[in-house]
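Notes follow the structure.
Values below: every heavy atom of this structure, side chains too, minus hydrogens, waters and symmetry copies. Every value quoted in this text rests on a predicted model; they were computed, and no experiment measured them.
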Amino acid sequence: MYSFKNMMQLGGIVAGLLTVVACDYSGDFLFPELPDEIDPVIDLGEIEVATVDSAEDAAAASVYGQVAATGDATESGVTYTFTGTGGDVCVWVDPEFLTWNQSVAARGRVNRWAYPDNLNDDGDLDIEVGLAIYYNGSPGETIGDFAIRYEDSLGNPIEIELNECVIPSQIASANGHSGRGSVESCTISNTQPGVSYVVKMSAWSTPLDDDRLGYGLLLADGSCRGLRTALSIDEDTADYECVVPGEAIDWEVANGPGPWFGSSEVPTVTGAIAFEQAYCNGDRLDQLCELEADEKDCDNEPCFCGDPRDTPRGGQF
């Protein structure tokens with residue numbers, strides 16, 4: 001059996017080891033880098049609600065930009081304001097880039113999805129919208145939320161969320177969002193005329209390949225369902241990537257965070273719009289991915305498709 005002296009010596013050794021580990025551990029490796037030329041908190045100011053009746057209208061009204069992570073545990077993202085019209089307003093954002101689930105089933109496999117997605121070029125922006133009077137962030141400095149706080153008669157702190165953006169197909173009470181690389185949109189119904197609203201797009205994740213998250217946004221008069229109808233978007237497939245094309249921004253050409261107004265002005269990564277269009281058209285992405293693998297050195301230059309060697313095999317999790 002250990003004596004009291006032995007236990008004290010062992011405790012001292014363990015304490016010493018914990019001290020050494022604690023001194024060397026910072027946790028910085030858990031956070032993405034903050035690029036020098038891209039800010040983590042960006043405010044775009046006032047954006048006008050556009051009338052969108054065609055793909056040409058959507059292309060002209062789209063606004064593009066880039067945002068970075070903060071490099072620490074604080075939240076990054078983009079905000080802008082708009083004035084209520086008295087009717088519905090559709091808030092739409094398309095973060096960089098495309099995302100799909102690879103088809104690996106033994107039966108019923110879909111050839112279109114035979115290649116894995118390249119997850120390194122995907123990021124995520126989550127939308128919240130509310131009256132500007134309730135927003136507690138500092139535009140261009142810190143990201144906030146839409147909540148009021150008060151104390152009840154017993155002195156208990158109570159928080160009420162005033163986010164008016166409900167993401168379709170998600171559980172409203174859980175504040176669900178669309179996920180990394182996916183388009184996110186919501187309809188703000190019966191906006192108050194002449195009243196200012198804030199749109200907050202939180203950068204939940206930034207692309208692993210460069211830590212710069214490109215995005216394209218659209219603020220359209222009417223509901224998002226009406227926008228999809230006007231643009232002949234198939235609601236059954238829910239492939240909305242072509243509403244705002246070209247959100248994968250070539251940061252070396254861009255030399256800054258933007259914004260850029262209109263799809264003709266944005267410096268998009270070469271080939272990104274054509275790949276998006278093929279995705280939306282239902283083309284065979286496996287064929288495009290094979291062609292990309294033959295023509296590109298994906299270890300040293302950006303590729304839209306993942307590595308087929310990452311495809312799960314039988315018996316793997």
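A 6.0 Å sphere centred on CD1 of I148 holds more than 12 heavy atoms belonging to other residues, nucleotides or ligands. For N101, the CG atom counts as loosely surrounded, since its 6.0 Å shell holds 12 or fewer non-hydrogen atoms of other residues, nucleotides or ligands. At most 12 heavy atoms of other shown residues, nucleotides or ligands fall within 6.0 angstrom of atom CD in E48.
Side-chain N or O atoms of E184 include one that pairs as donor or acceptor with a backbone N or O of I127 at under 3.5 Å. No donor-acceptor pair closer than 3.5 Å links the side chain of R212 to the backbone N or O of I38. Remark: the backbone N or O of D57 is paired with a side-chain donor or acceptor of S54 at under 3.5 angstrom. The backbone N or O of T74 sits less than 3.5 Å from a side-chain atom of T70, completing a donor-acceptor pair. Side-chain atoms of T187 do not come within 3.5 Å of backbone N or O of S223 as any donor-acceptor pair. Under a 3.5 Å cut-off, the side chain of E151 and the backbone N or O of I158 do not form any donor-acceptor pair. For N118 (side chain) and C303 (main-chain N/O), a donor-acceptor pair under 3.5 Å exists by modelled atom type. For the pair R309 (side chain) and D307 (backbone), a donor-acceptor distance under 3.5 Å is absent. Checking side-chain atoms of T191 against main-chain N and O of D88 turns up no donor-acceptor pair under 3.5 Å. No donor-acceptor pair closer than 3.5 Å links the side chain of N281 to the backbone N or O of D283.
Within the 4.5 Å cutoff, the side chain of T268 has no heavy atoms near those of the D250 side chain. The closest side-chain heavy-atom distance from V244 to W92 is below 4.5 Å. At a threshold of 4.5 Å between non-hydrogen side-chain atoms, the residues V199 and F82 count as touching. Between V183 and V93, every side-chain heavy-atom pair lies at or beyond the 4.5 Å cut-off. Using a 4.5 Å heavy-atom cutoff, the side chains of C242 and Q277 are in contact. Contact of the P207 side chain with the E96 side chain is registered, since non-hydrogen atoms from C-beta on lie closer than 4.5 Å. Annotation: side chain of S182 is not in contact with side chain of Y240 (no heavy-atom distance under 4.5 Å).
T83 is linked by a side-chain hydrogen bond (donor to acceptor under 3.5 Å, both in side chains) to E46, counting only residues two or more places apart in sequence or in another chain. With sequence neighbours left out, A230 forms a side-chain contact (heavy atoms from CB on, under 4.5 Å) with no residue at all.
Closest approach of L231 to A55, counting heavy atoms only: CD2-N, 3.4 Å. Between V67 and T206, the shortest heavy-atom contact is O-CG2, 4.4 Å. The minimum heavy-atom distance between K200 and G144, with the atom names listed, is NZ-O, 2.9 Å. When all heavy atoms of R112 and C280 are compared, the pair lying nearest together is NH2-N, 4.4 Å. In plain terms, the two heavy atoms of I47 and L44 that are nearest each other are CD1-CD1, 4.2 Å. Of all heavy-atom pairs spanning D39 and I42, the tightest one is O-CD1, 3.7 Å.
Taken from CG in L217 to OG in S185, the straight-line distance is 12.5 Å, to the nearest 0.5 Å. Distance check: D117 CG to C305 SG gives 8.0 Å after rounding to the nearest 0.5 Å. Atom CG of D286 sits about 5.5 Å away from atom CG of N111, to the nearest 0.5 Å. D294 contributes atom CG, which lies 11.5 Å from atom SG of C289 (distance to the nearest 0.5 angstrom). In this structure, M201 CE and D124 CG are separated by 11.5 Å, a value rounded to the nearest 0.5 Å. Atom CD of E295 sits about 10.0 Å away from atom CD of E301, to the nearest 0.5 Å.
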Where do I143 and Y135 land on the side-chain contact (heavy atoms from CB on, under 4.5 Å) test, with the steps shown first?
CA-CA 9 Å; I143 296 295; Y135 184 64; 4.2 Å; yes
For Q192 and T85: C-alpha separation, side-chain torsions, deciding distance, then whether side-chain contact (heavy atoms from CB on, under 4.5 Å) applies.
CA-CA 6 Å; Q192 300 180 36; T85 62; over 6 Å; no
Are F97 and F304 close enough, and set up right, to give a ring pair (Phe, Tyr, Trp, His ring centres under 6.0 Å), and what steps lead you there?
CA-CA 8 Å; F97 184 50; F304 304 128; 5.1 Å; yes
Audit row: Y134, E164, side-chain contact (heavy atoms from CB on, under 4.5 Å) steps and yes/no
CA-CA 11 Å; Y134 295 136; E164 297 188 28; over 6 Å; no
In sequence, state the C-alpha distance, the side-chain angles, and the governing distance for N136 and D145, and then conclude on side-chain contact (heavy atoms from CB on, under 4.5 Å).
CA-CA 6 Å; N136 59 18; D145 58 25; 2.7 Å; yes
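Distance check for C186 and C224: the SG atoms are not under the 2.5 Å cut-off.
Following chains of ILVMFWY side-chain contacts shorter than 4.5 Å, one can reach L218 starting from Y64, so the two form part of one hydrophobic cluster. The cluster map of Ile, Leu, Val, Met, Phe, Trp and Tyr, joined by side-chain heavy atoms under 4.5 Å apart, puts L119 and L125 in different clusters. Residue L131 is grouped with residue Y80 when hydrophobic side chains (ILVMFWY) are merged at heavy-atom distances under 4.5 angstrom, including chains of intermediate members. In this structure, I273 is not a member of the same hydrophobic cluster as I249, with clusters built from ILVMFWY side-chain heavy atoms closer than 4.5 Å. Under the 4.5 Å side-chain heavy-atom criterion for Ile, Leu, Val, Met, Phe, Trp and Tyr, L285 and L98 are members of the same hydrophobic cluster.
Between Y279 and W100, the ring planes lie tilted relative to each other; the angle falls in the 30° to 60° range.
Side-chain N/O atoms of T79 and D43 include a donor and acceptor closer than 3.5 Å. No side-chain donor from either of S202 and E128 sits under 3.5 Å from a side-chain acceptor of the other.
Taking the ring centre of Y115 as origin, the terminal cationic atom of R284 falls outside the region bounded by 6.0 Å and 45° from the ring axis.
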